[in-house]
Every structure is written in C-alpha cells, then in structure tokens.
Undergrad: 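Dropping the structure in here first, questions after.
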Amino acid sequence: MSGLGKGVMTSSVAKLLQLANQKVSCVKIDPYLNFDAGTMNPVAHGEVFVTEDGGECDMDIGNYERFLNQNIPKNHNITTAQVYSSVIESERKGEYLGACVQIIPHITDEIKNRIRTIAKDENLDFLVVECGGTVGDIESLPFLEALRQMRVEEGPKNVLFVHVTLAPSLDVVGEQKTKPTQHSVQELRRIGIQPDFLAVRCTQPLEEKTKKKIALFTNVTSEDVLSCHDAKTIFEVPQILYDQGILDFIFTKFGKVGMVNASANWDDWNRIAESMVNHKDQKIKIAMVGKYVTLADSYVSVNQALKHAGAKLGKSVIIDWIDSESINDYNQLSDFDGILVPGGFGTRGSEGIIKTANFARENNIPYLGICFGFQLAAIAFGREILKLEDANSTEIKKDAKNPVVDLLPEQKKISDMGGSLRLGGHQITIKPNTISQVIYESNSIKKRHRHRYEINSNYIEEFEKNGMIFSAESDDGKRMEILEIPSHKFYLGVQFHPEFNSRPGFPEKAFLSFIEAASK
Ligand code: GLN
C-alpha cells in the first residue's frame, strides 16, 4: 500500500549496491493513468519532483536522487499512460501491421523494453525497479506480469523480487501480525511471482518467531525475511538492511560473491546519516507558509533541503507549517527564526503569502521565497514600498492594474496543462557584487524550474531604485531568477526550485545561507 516505504526500500537497496561500488540506478513504475505527476494535486499525491531534464515525476524519484546523490532522468518514471501512448502510437504507424494488439504481449513488451533500455543505455550493474500500487490492483497487473516475464527471460540470476509488506502491532502487548503479509504474498504468487525477499515494515524490530512464521507461510527462508522497522531517519535504513545481510544475499543470488567489496564507502554515508539525527546544540524554528500544508509529503524536498542545511551546520531545523489561507495574526511569525514560502499555484491563500512576505521584510526576519514565494515577495514589495496600486500576478488577478508578475510570453499560445510549464534545469547568470554571488560562489549556476509566470521586466528599474535587487537572470537577461534586499538580514527569492538539488551532506547553498542567517 502507499506510504509503506517502498521508495525508501528501493533507495536503500540501491544505496547499498552503490556503496559496494556497483553502477546503479532506480526506476519508479506508477500504474496510474496520468502521463506524469505534473497535473496531480500535491496534497493527495505528494510533491511533484522535477528532474534536471524537465520531468514532472513522482516524489520517489527525489528519494532516489537524495540517497544516491545522482541525477535520475525522467524516463525512470514509467506510467501506464506513457506505455499505452507509445503502443498506440506504434499501432497507428502500422508497426504491428496484421497483429491484434494486446496487453500481453504488446504492453508487457513495451514495459520490459523501457526497463531494459535504461539498464543498457546507462551501462548499469543493477537497476532497482519500484512497482507502485498494491498487489491485486487491476492497474498494476500488466507491470507485474511484465516483471514476471522478465525473470523468466533473464533468469533467476539476473532478476530478483523484493516484496514490501506490513506487520502491524495491534495491541499494547505489541504482537506482530503476519496475516497481511501472508495474504499479499499469496496474491503475488497467484500472478506468478515468488518473492526472494520480504521487506517487512514494522514499528519495532521483527521478532525471530514472526520471521519464522512469515517464512513458513510465504515459501522463503527466515533469513530472507528482513525487518524494516522504524528508524530515526530514513538514511539509517541502508545500515539496518546491511546488518541483516541483504547485500550478501543479493550478491549470492546474482552469483557475484567474492567479486565485490561491500564496505567501500560506508564511512562517508554513515557520517551523513548520523548528521541527519544528531544535532543537539541549537534548534532553528522555520515557519513554512503555503497552501498545501496538510500533507507533509507535498513539500518533501523543501523539508529535506532544510534538514540537510541544518545537519551541515549541526543544528536541528524544526518546521511549522502554516496555512496561508487561515493565517490572521501575522505576529505569530515573530516566533520563528526564519520564514520560507515554497512554490504554489492559484489564487487561494495568495493574499496571506503576500502579507507574510511583507511581515518578514518589515521585521527583518530571514526570508526564503521559492518560485511562488519569489513572485509574491516582489508583489508585496511593489504594493508596500513602491505603492503600486493593485500590484499582482496575472495568475491571481487577470486584469491587475500593475501586473508585476505575468505569464511567460511563450506560454500565451499554450492551452494544454500537462508538461507545458517552463521545466527543468536552466542556466542562470549571477550579477557580480551581489549577495547571490556570495551565496553561490559563482557567476553561473544551473537550477531546476517549474513555472508559467515570471517577473514583468517593466518594473525592474523602479524596484532596484528602491532596494530590491534582481541579482540573477536567465535566457539572455529575459528572465529574472533571484531577488534580494541587501539591507535586510536575509531576504532572498528564487524563481527556480533549489530544493531539488539539495542532497544529504551536500545542502543546496540558498538553503544553507538561509539557515545560517536564521541561526544568527
Ligand atoms: N504559480 C507560479 C507560476 O506558475 C509559481 C509556480 C511554482 O511555485 N512552482 O509561475
């Protein structure tokens, strides 16, 4: 089921293989009918993760990037819509001329082909494929069938299955229940897949007797039943799995024993994992003000980036989410060391964000505005300092008298909502002698984007005369990328999404500077 930790399991297995010097990557299969995650509500499905090559992907891709510290291309997020679209396209071109096009073999072939292409093109030793959904879902059946076929075609020394299940503890005594695991494995075996390992999610370490019982009912040995109990941080999970011998088991099953050294880079990784939990001396309180605050996963990369920055500085970052729609006493924001406004869309809650940006500026509270938080900070400045009547974004008010933020010109002709924003990595030029240059220690950076609106350049001169500097730009100066107020303790807005580049041990620099400023 969702939320169980398949993403963490996938990332952890991949991390262990990477630590053993294997060339590894991950794939996420999403059996839903959306072409990609771009049009999905982050409150229901979690954040839309943007890849360097402009994919709007499932948030698990972000987990893979953070665990592996490597970019994952967008073709690593496979959805039902993508698979069916290419099969239907081929059918229309006449590529299957004469054949009746069917789920088996045409859809399953396309799935296998996509997985094999990635493994081959990237010259990987291992590809860890996460199949989303729940065993027994109609939607995931073609994918599981394709994976079943793959095991037959590639042989058991080249494909193995890990099944992630749940052992709930129901009563105060905490007896670990095995029934859900028994049933999901039965379901999996009915469709022809016998798992090699069971990764069992539980609150406390799985007891020996529970392991034995699960093994008996699911046709594996009790060593193949792995305890995936709750950890202080998800970055501890590779170690938890390693301690149970998973790496040896994998190499044994793949016939690679003796060919690999599984201890190569443990030190660095464990130092990073430890830094994510052990910071005692100072707590930094950050208010995150936005619209999608009801689900922690809707800003998972922002949360993570804040924690990476805190960990680097040896401080704990405590995040409080505040709904920009219901905030009425802005003085509550004085209790925080910093205010962050993440990305967002639409009218709802936008006035609350504009007031928040104002409050941070007036009260000299460190402020980091990302995308929407960048645009609305400019609007707040326009309204309060420049006294621009009815300053707004045309996203919020179509006929605003002062459209400080307006649609990107190339967006004016676009009507499709899916995949049509300005997406992915774009080169950005930073002006000399600016705060941004100090933060990024460079005049040129590449950052990921996801937006349809931008700062209207007609206003820039007036803004700059009054103390808000646009210190970075892209597309030959056409597009404003960073705003800063040099007289402020820390006031930075970025059109891009720095959170997607932050990795444990390697915090993104805007986040690092923000947390540094917040801790002073
Ligand atoms: N809604 C704004 C835009 O489309 C900001 C997008 C965002 O915050 N990701 O430009």
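When a ligand or atom number is given, it counts from 1 through the structure's own listing order.
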Undergrad: Please collect all salt bridge (Lys or Arg N to Asp or Glu O under 4.0 Å) contacts where either partner lies in residues 378-389, sequence neighbours excluded, each pair once.
TA: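 Salt bridge (Lys or Arg N to Asp or Glu O under 4.0 Å) check on residues 378-389 returns Glu351-Arg383, Glu389-Lys401.
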Undergrad: For the side chain of Ser86 and the backbone of Gln82, is there at least one donor-acceptor N/O pair under 3.5 Å apart?
TA: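 Yes; judged by distance alone, with no hydrogens or angles, the pair exists.
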Undergrad: Which residues pass the ring pair (Phe, Tyr, Trp, His ring centres under 6.0 Å) test with His451, sequence neighbours left out?
TA: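 With sequence neighbours excluded, His451 shows a ring pair (Phe, Tyr, Trp, His ring centres under 6.0 Å) to His449, given in chain and number order.
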Undergrad: Distance under 4.0 Å, heavy atoms only, partner ligand 1: which residues pass?
TA: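 These residues qualify: Gly343, Gly344, Phe345, Cys371, Phe372, Gln375, Glu395, Arg450, His451, Arg452, Tyr453, His497.
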Undergrad: So which pairs with a foot in residues 417-430 pass salt bridge (Lys or Arg N to Asp or Glu O under 4.0 Å), sequence neighbours left out?
TA: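 Residue pairs with at least one partner in residues 417-430: Arg422-Asp475, Arg422-Glu481.
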Undergrad: Assign the ring pair Phe374 / Phe470 to parallel, tilted or perpendicular, where the plane angle (0 to 90°) is split at 30° and 60°.
TA: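 Perpendicular: the ring planes of Phe374 and Phe470 meet at over 60°.
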Undergrad: Is it true that, when you exclude Asp121 itself, more than 12 heavy atoms of the residues, nucleotides or ligands shown sit nearer than 6.0 Å to its CG?
TA: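 Yes - once you tally the heavy atoms of other residues, nucleotides and ligands closer than 6.0 Å, there are more than 12.
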